[in-house]
Amino acid sequence: WPMPGVSGEGSRRTRTPPSGLAGHSPDTKLSSSPRPTEFFLVLSTIRSLAVCAVCAASATALSAQTASQQYTDEARQLAAAPVIGAAMGLVEALDAWSIERLIELTEIPAPPFMEEVRGRRYAELLSEFGADSVWTDEVGNVIGLRKGRTGTRTIGFGGHLDTVFPEGTDVTVRQRGDTLYAPGIGDDTRGLVVVLTVLRAMEDAGIETNEDVIFVGVVGEEGLGDLRGMKHIFRDGADAPDVWIDVDGGGLARLVTMGLGSVRYRATFSGPGGHSWGAFGLANPAHAMSRAVRHFQDAADTLTRSGPRTSYNVGRMGGGTSVNSIPFETWMEVDMRSVSPQSLAVIERAFLAAMERGLAEENELRREGPALTLDPAKIGDRPSGEGDPSAALVQRALATTALFGVEGELSRSSTDSNIPISLGIPAVTIGKGGIGGAGHSPEEYWINRDGHLAIQRALILVVAEAGLAGPIS
């Protein structure tokens, strides 16, 4: 993985074995690391607790699936390794530290296209807790490299820095009982903390991997960000990761291996505008847009009644200056989604035709003045795709999830994984753990109900994919 000003032959910094528990601050209380057999006893006692994560899985998930015996055996052997047992204990011991980092990062605003301040702090944390080199790329992605012994492959592991909330939103974390409330606390600040805690636990436990791992805070996942961070990482000609593991969403069971495609438009209708009485007879952009919406819904309703699941939504509207003025401009933002690229293309064409029809009808009704114009600007394009269920990464995700008594469910969603999935690169989005809700609203909340389980699962999955390096002889 190329790093500005860093040689590709850099080495891992010296590690202290877990017996010393190096790297922990004096005020961090740590339990002794469990032996492998104790770890499996812990797993057997948390099976009922893990049901909470299963219940949080999205309704769009498919039926539960199990890994092949090869990857089931691999996961069990990996979990039995003493260094992994040590890391599992460290994850649980770092629970309070993880919550502190969650609160700290949540209270750093990260509106769309304004992730820089949070990104700087995240870079500091990655550097402090285990990354060999940390840098910020041209679009703002924060990347921490932890080098492997061989480094023939690169494992990408990330969550997104941005939230949906605009500049000026109060992001102060409020606690009521065991519940933390704040905009963005779950989506996806908790995902960032999962990534960071995995890095620290691997470092403090002295885990060495064969392959390089990059720990990434990705920009531009939400809304009009249009997956710009991931599009940059996986752009043509880039030295992109060989696989991608994303942290976004809910509990342990849901494994996103299929991308939900979407297109988004901002359609703007423009004209001269004027007084509602004195200029009456001019074509009205608001009337044109209203006609266009009606024509679009008539067509889209028919297209979404059957066939591959497809949706449409007029989400935002604006324009005009006063109630007694013919607006000189009106606009709307529209979102269309489908599990099928073909169906998405069909509804997109229907949308564009409806916009033109609404424009033409209003222009025909004008009594004087110039014709209205239309600018249908595409503001979002998220590709769809389906990952191969037999791919090693997907099988490992199923196998490591099963260690916690949970059957993984391969599902579809719109996440940062859309980009690698659409390119045929193995990718999976795993959950952040705990219990959360009210996403994308000011009352978003997260409860630390066995949240460490998601971090432990993520750690085992990353190490399984990167390969646990043996002792140096």
Side-chain angles (χ1 to χ4, degrees), residues 1-3 65 67-68 70-72 74-75 78 131 137 141-160 188 191 194-195 198-199 202 207-218 221 227 229-249 254-259 383-402 408 410-413 415-432 454-455 457-469:
W1 185 267
M3 300 169 290
Q65 299 192 31
S68 68
Q70 172 191 348
Y71 292 101
T72 297
E74 177 192 80
L78 183 62
D137 69 16
N141 295 313
V142 176
I143 302 169
L145 170 68
R146 194 173 189 270
K147 291 188 69 65
R149 292 269 182 86
T150 61
T152 57
R153 297 170 65 243
T154 300
I155 314 305
F157 179 44
H160 64 85
D188 189 32
V194 171
V195 173
V198 167
L199 171 63
M202 288 176 64
I207 291 175
E208 297 275 2
T209 59
N210 292 318
E211 311 296 356
D212 294 346
V213 181
I214 55 169
F215 296 78
V216 189
V218 184
E221 194 275 343
L227 307 184
M230 290 295 284
K231 288 179 178 178
H232 182 78
I233 290 173
F234 289 94
R235 68 194 184 279
D236 288 344
D239 188 8
D242 296 277
V243 300
W244 181 263
I245 301 169
D246 200 56
V247 185
D248 198 356
R254 190 180 186 217
L255 304 171
V256 177
T257 60
M258 295 170 281
S384 60
E386 297 191 3
D388 181 0
S390 66
L393 175 64
V394 178
Q395 289 291 304
R396 287 180 173 126
L398 290 166
T400 54
T401 299
L410 305 185
S411 66
R412 185 187 304 271
S413 187
T415 70
D416 273 334
S417 290
N418 276 42
I419 300 301
I421 289 173
S422 71
L423 297 172
I425 297 170
V428 61
T429 297
I430 59 178
K432 62 184 177 290
I455 303 175
R457 188 270 302 277
L459 187 150
I460 298 179
L461 175 57
V462 168
V463 176
E465 190 63 31
L468 180 63

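Values below: all heavy atoms of this structure, side chains included; hydrogens, waters and symmetry mates excluded.
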Enquirer: At their closest point, which heavy atom of Arg235 faces which heavy atom of His232, and how far apart are they?
Expert: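 Residues Arg235 and His232, closest heavy atoms: NH1-O, 2.6 Å.
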Enquirer: With rounding to the nearest 0.5 Å, note down the distance linking OG1 in Thr150 to CG in Asp212.
Expert: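 Here the rounded value is 7.5 Å.
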Enquirer: Give a yes or no answer on whether the side chain of Glu208 reaches the backbone of Arg149 with a donor-acceptor pair at less than 3.5 Å.
Expert: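 Not at all, since once roles are kept as given, no pair shorter than 3.5 Å links the two residues.
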Enquirer: Any side-chain heavy atom of Pro241 within less than 4.5 Å of one from Ile155?
Expert: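 Contact flag for Pro241/Ile155 side chains = no.
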Enquirer: Among residues at least two apart in sequence or on other chains, which ones pass side-chain hydrogen bond (donor to acceptor under 3.5 Å, both in side chains) with Asn141?
Expert: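 With neighbours one apart ignored, the set is Asp137.
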Enquirer: Calculate, to the nearest 0.5 Å, the distance between atoms OG and NZ belonging to Ser422 and Lys231 respectively.
Expert: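 The OG atom of Ser422 sits 9.0 Å away from the NZ atom of Lys231.
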Enquirer: Could you walk me through whether Leu255 and Ile430 pass the side chain to side chain contact (heavy atoms under 4.5 Å, CB included) check?
Expert: CA-CA 5 Å; Leu255 304 171; Ile430 59 178; 3.9 Å; yes
Enquirer: Please enumerate all residues that pass side-chain contact (heavy atoms from CB on, under 4.5 Å) together with Gln70, with sequence neighbours excluded.
Expert: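 Applying side-chain contact (heavy atoms from CB on, under 4.5 Å) to Gln70 gives Ser68.
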Enquirer: Consider side chain to side chain contact (heavy atoms under 4.5 Å, CB included). Of Val428, Leu227, Thr429, Val247, which one does Thr415 pass it with?
Expert: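 The single option meeting the side chain to side chain contact (heavy atoms under 4.5 Å, CB included) with Thr415 is Thr429.
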Enquirer: So, Lys432 side chain and Gly249 main chain: donor-acceptor pair closer than 3.5 Å or not?
Expert: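 Indeed, once roles are kept as given, a pair shorter than 3.5 Å links the two residues.
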Enquirer: Can you list the residues that meet the side-chain contact (heavy atoms from CB on, under 4.5 Å) rule with Pro426, with sequence neighbours excluded?
Expert: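 Testing Pro426 for side-chain contact (heavy atoms from CB on, under 4.5 Å), a comparison that skips the adjacent residues, returns Val243, Leu393.
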Enquirer: Considering only residues two or more places apart or on different chains, which pairs with a residue in residues 415-429 satisfy salt bridge (Lys or Arg N to Asp or Glu O under 4.0 Å)?
Expert: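 For residues 415-429, and leaving out neighbouring residues, there are no salt bridge (Lys or Arg N to Asp or Glu O under 4.0 Å) pairs at all.
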Enquirer: Contact between Val216 and Val142 at the side-chain level, heavy atoms closer than 4.5 Å - yes or no?
Expert: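 In short, these two side chains do not touch, never coming nearer than 4.5 Å.
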Enquirer: Check Asp246 against Ser417 and note the closest heavy-atom contact, atom names and distance.
Expert: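 Result for this residue pair: CB-OG, 3.5 Å.
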Enquirer: Mind running side chain to side chain contact (heavy atoms under 4.5 Å, CB included) on Asp248 and His160 for me, showing each step along the way?
Expert: CA-CA 8 Å; Asp248 198 356; His160 64 85; 3.4 Å; yes
Enquirer: Please test Trp244 against Ile425 for side chain to side chain contact (heavy atoms under 4.5 Å, CB included), starting from the C-alpha separation and ending with a verdict.
Expert: CA-CA 8 Å; Trp244 181 263; Ile425 297 170; 5.7 Å; no
Enquirer: So do the side chains of Ser413 and Arg254 get within less than 4.5 Å of each other, counting heavy atoms only?
Expert: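 In contact.
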Enquirer: Quickly, which of Thr154, Ile214, Val213 forms a side chain to side chain contact (heavy atoms under 4.5 Å, CB included) with Leu145? Name it, please.
Expert: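 Considering Thr154, Ile214, Val213, a side chain to side chain contact (heavy atoms under 4.5 Å, CB included) with Leu145 is found only for Ile214.
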Enquirer: When rounded to the nearest 0.5 angstrom, what distance separates OG in Ser384 from CD1 in Ile421?
Expert: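 It comes to 10.0 Å.
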Enquirer: For Asn210, which residues count as a side-chain hydrogen bond (donor to acceptor under 3.5 Å, both in side chains) partner, sequence neighbours excluded?
Expert: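 Counting only residues at least two positions away or on another chain, Asn210 forms no side-chain hydrogen bond (donor to acceptor under 3.5 Å, both in side chains).
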Enquirer: Please name all residues satisfying side-chain hydrogen bond (donor to acceptor under 3.5 Å, both in side chains) with Thr257, sequence neighbours left out, ordered by chain then number.
Expert: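 For Thr257 there are no side-chain hydrogen bond (donor to acceptor under 3.5 Å, both in side chains) partners, ignoring immediate neighbours.
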Enquirer: Verify side chain to side chain contact (heavy atoms under 4.5 Å, CB included) between Phe157 and Arg146, making sure each step is shown before the conclusion.
Expert: CA-CA 11 Å; Phe157 179 44; Arg146 194 173 189 270; over 6 Å; no
Enquirer: List the residues meeting side-chain contact (heavy atoms from CB on, under 4.5 Å) with Thr72, not counting sequence neighbours, and say none if there are none.
Expert: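 Expected list: Ala67, Gln69, Arg76.
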Enquirer: Evaluate the salt bridge (charged side-chain N to carboxylate O under 4.0 Å, His left out) criterion for residues Arg412 and Glu386: first the C-alpha distance (whole Å), next the side-chain angles of each, then the deciding distance (0.1 Å), finally the verdict.
Expert: CA-CA 8 Å; Arg412 185 187 304 271; Glu386 297 191 3; 2.7 Å; yes
Enquirer: Got a sec, which residues hit side-chain hydrogen bond (donor to acceptor under 3.5 Å, both in side chains) with Asp388, two or more places apart in sequence or on another chain?
Expert: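 Asp388 satisfies side-chain hydrogen bond (donor to acceptor under 3.5 Å, both in side chains) with Ser390 only.
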Enquirer: Which atom pairs, donor and acceptor, lie under 3.5 Å between side-chain atoms of residues 457-469 and protein residues at least two apart or in another chain?
Expert:
residue : atom : partner : partner atom : Å
Arg457  : NH1  : Leu252  : O            : 2.9
Arg457  : NH1  : Thr401  : OG1          : 2.7
Glu465  : OE1  : Arg396  : NH1          : 3.0
Glu465  : OE2  : Arg153  : NH2          : 3.0

Enquirer: Might you point out which heavy atoms bring Thr209 and Met202 nearest each other, and give the distance in Å?
Expert: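 Nearest heavy atoms, Thr209 then Met202: CG2-CE, 3.9 Å.
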